[in-house]
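Here the structure is laid out as structure tokens; the discussion comes afterwards.
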Amino acid sequence: MRVIIGLFIFIVFSFSQILIVNSYDEKDQCGMPQLNGFLSIMYKSQYKPEDFDIYFLNTRITPKPELIKKADKILKNVKKYDYVVTFDDAAFQLIGIPASKKAKIIFFSGLNIPSSIYKQKYNLPDNFSGVYEKLYAKEVLEVFNKIKPINKIALFYSNGVGDIVKNQIVDELKNSIFEKKLELIHIDTL
């Protein structure tokens, strides 16, 4: 009986529901804040560490042939996951896109363009979503404001990606001392 219970516990906890793939390594300042933020929200939502399998592609130093081998190894086991979360472009390209075509629900943290363009460009099904990268505009402006007080901030933007960046900056500056100092200027060309 003890063996059956042990086997049951092993089976339940050895098949994670959520696959997380980070483009960088465990110490990289680009990928870790996103991953830590995601995990803290998930833990507050009653998920446990054993609900996730986390892979780090370490794209800054891993040669492309080795990255492809890592991705293939991860994708061979993708059927056991309900969701796939990718952090930054390489993880999305190598894991997210192929997994989306295997009917997995894909979440991409690090969008650089509207999700509709990703869907069109890579012929993705409707099982894909994501969030844009945080720009840390407020934190950057706080540093500059200490050097020399900021009276006005001019933000030139265009359609498409420019709108996305503008909206991100406006959102990040809400309720800050910089919100009323921001001047939005739409342009068609430089």
Side-chain angles (χ1 to χ4, degrees), residues 1-136 164 168 171-172:
M1 184 63 153
R2 204 182 274 172
V3 173
I4 292 173
I5 292 171
L7 185 59
F8 175 75
I9 290 171
F10 172 76
I11 290 171
V12 168
F13 290 106
S14 67
F15 293 99
S16 297
Q17 299 174 1
I18 301 172
L19 169 65
I20 298 174
V21 183
N22 192 314
S23 294
Y24 308 111
D25 69 24
E26 297 91 342
K27 295 178 183 119
D28 197 286
Q29 287 304 304
C30 222
M32 287 311 293
Q34 293 178 74
L35 175 60
N36 290 335
F38 173 78
L39 288 173
S40 71
I41 295 295
M42 297 303 282
Y43 295 152
K44 287 177 186 172
S45 299
Q46 307 306 314
Y47 282 88
K48 308 232 178 320
E50 55 270 4
D51 294 328
F52 306 97
D53 279 343
I54 304 173
Y55 292 89
F56 296 91
L57 296 177
N58 200 6
T59 57
R60 295 197 197 274
I61 62 169
T62 306
K64 191 169 184 173
E66 195 176 318
L67 279 175
I68 292 169
K69 284 181 187 175
K70 275 185 179 181
D72 287 343
K73 189 175 180 180
I74 294 168
L75 287 167
K76 281 182 183 170
N77 295 314
V78 80
K79 64 181 172 269
K80 73 179 186 178
Y81 302 102
D82 297 324
Y83 306 98
V84 177
V85 179
T86 60
F87 290 98
D88 287 316
D89 296 288
F92 177 68
Q93 294 277 332
L94 292 167
I95 306 298
I97 292 171
S100 74
K101 296 181 180 187
K102 295 182 180 193
K104 297 297 169 186
I105 296 172
I106 309 302
F107 182 81
F108 175 25
S109 177
L111 290 174
N112 299 304
I113 56 177
S115 58
S116 59
I117 294 174
Y118 280 105
K119 285 181 181 182
Q120 183 180 17
K121 183 176 180 178
Y122 298 110
N123 193 28
L124 298 175
D126 286 333
N127 56 349
F128 157 73
S129 184
V131 295
Y132 295 101
E133 294 182 286
K134 184 172 180 184
L135 301 174
Y136 296 95
I164 293 167
Q168 181 69 28
D171 188 53
E172 289 183 22

request  = Report yes if some heavy atom in the side chain of M32 is under 4.5 Å from a heavy atom in the side chain of Y24; otherwise report no.
outcome  = no

Heavy-atom closest contact (V78 atom, A99 atom, distance) = CG2-CB, 4.0 Å

message = Give me the atom names and distance for the closest heavy-atom approach of N123 to K101.
response = O-CE, 3.7 Å

task = I would like to know whether F38 and Y47 meet ring-ring contact (aromatic ring centres under 6.0 Å, His included); could you show each step before the answer?
result = CA-CA 11 Å; F38 173 78; Y47 282 88; 8.5 Å; no

Pair listing, side-chain hydrogen bond (donor to acceptor under 3.5 Å, both in side chains) test, anchored in residues 32-42, at least two apart = Q34-D88, Q34-S109

ask   = Any side-chain heavy-atom pair from L94 and I74 closer than 4.5 angstrom?
value = no

inquiry  = Under 6.0 Å between ring centres: does that hold for F108 and Y118?
reply    = yes

Residue pair K70 / T62: nearest heavy atoms and the distance that separates them = NZ-OG1, 3.9 Å

ask   = To the nearest 0.5 Å, how far apart are NZ in K121 and CD1 in I97?
value = 8.5 Å

inquiry  = With side chain to side chain contact (heavy atoms under 4.5 Å, CB included) as the criterion, how do L39 and I20 come out once you've worked through the C-alpha distance, each side chain's angles and the decisive distance to 0.1 Å?
reply    = CA-CA 10 Å; L39 288 173; I20 298 174; 3.8 Å; yes

ask   = Looking at F52, Y81, F107, which hits side chain to side chain contact (heavy atoms under 4.5 Å, CB included) with I18?
value = F52

ask   = So among L19, V85, L35, which one has a side chain to side chain contact (heavy atoms under 4.5 Å, CB included) with I54?
value = L35

query = Looking only at heavy atoms, what is the nearest atom pair of A91 and T86, with distance?
reply = O-CG2, 3.6 Å

task = With the side chain counted from C-beta on, respond yes when F92 and L111 share a heavy-atom pair under 4.5 Å apart, and no when they do not.
result = no

key: More than 12 heavy atoms of other groups within 6.0 Å of K69 NZ   = no

remark   = Note: A90 and S23 closest approach over all heavy atoms is N-OG, 3.4 Å

task = Measure the shortest side-chain to side-chain distance between D82 and I105 over non-hydrogen atoms and say whether it is less than 4.5 angstrom.
result = no

ask   = Which residues satisfy the side-chain contact (heavy atoms from CB on, under 4.5 Å) test with K48, sequence neighbours excluded?
value = E50, D51

query = What distance separates L67 CG from I95 CD1, expressed to the nearest 0.5 Å?
reply = 9.5 Å

query = At what distance, to the nearest 0.5 angstrom, does CG of L124 lie from CD1 of I106?
reply = 9.0 Å

key: Flag if over 12 foreign heavy atoms under 6.0 Å of OH, Y55   = yes

query = Which pair of non-hydrogen atoms, one from S100 and one from N127, has the smallest distance, and what is that distance?
reply = O-ND2, 2.9 Å

message = Side chains of D126 and K119, heavy atoms from C-beta outward: is any pair under 4.5 Å?
response = yes

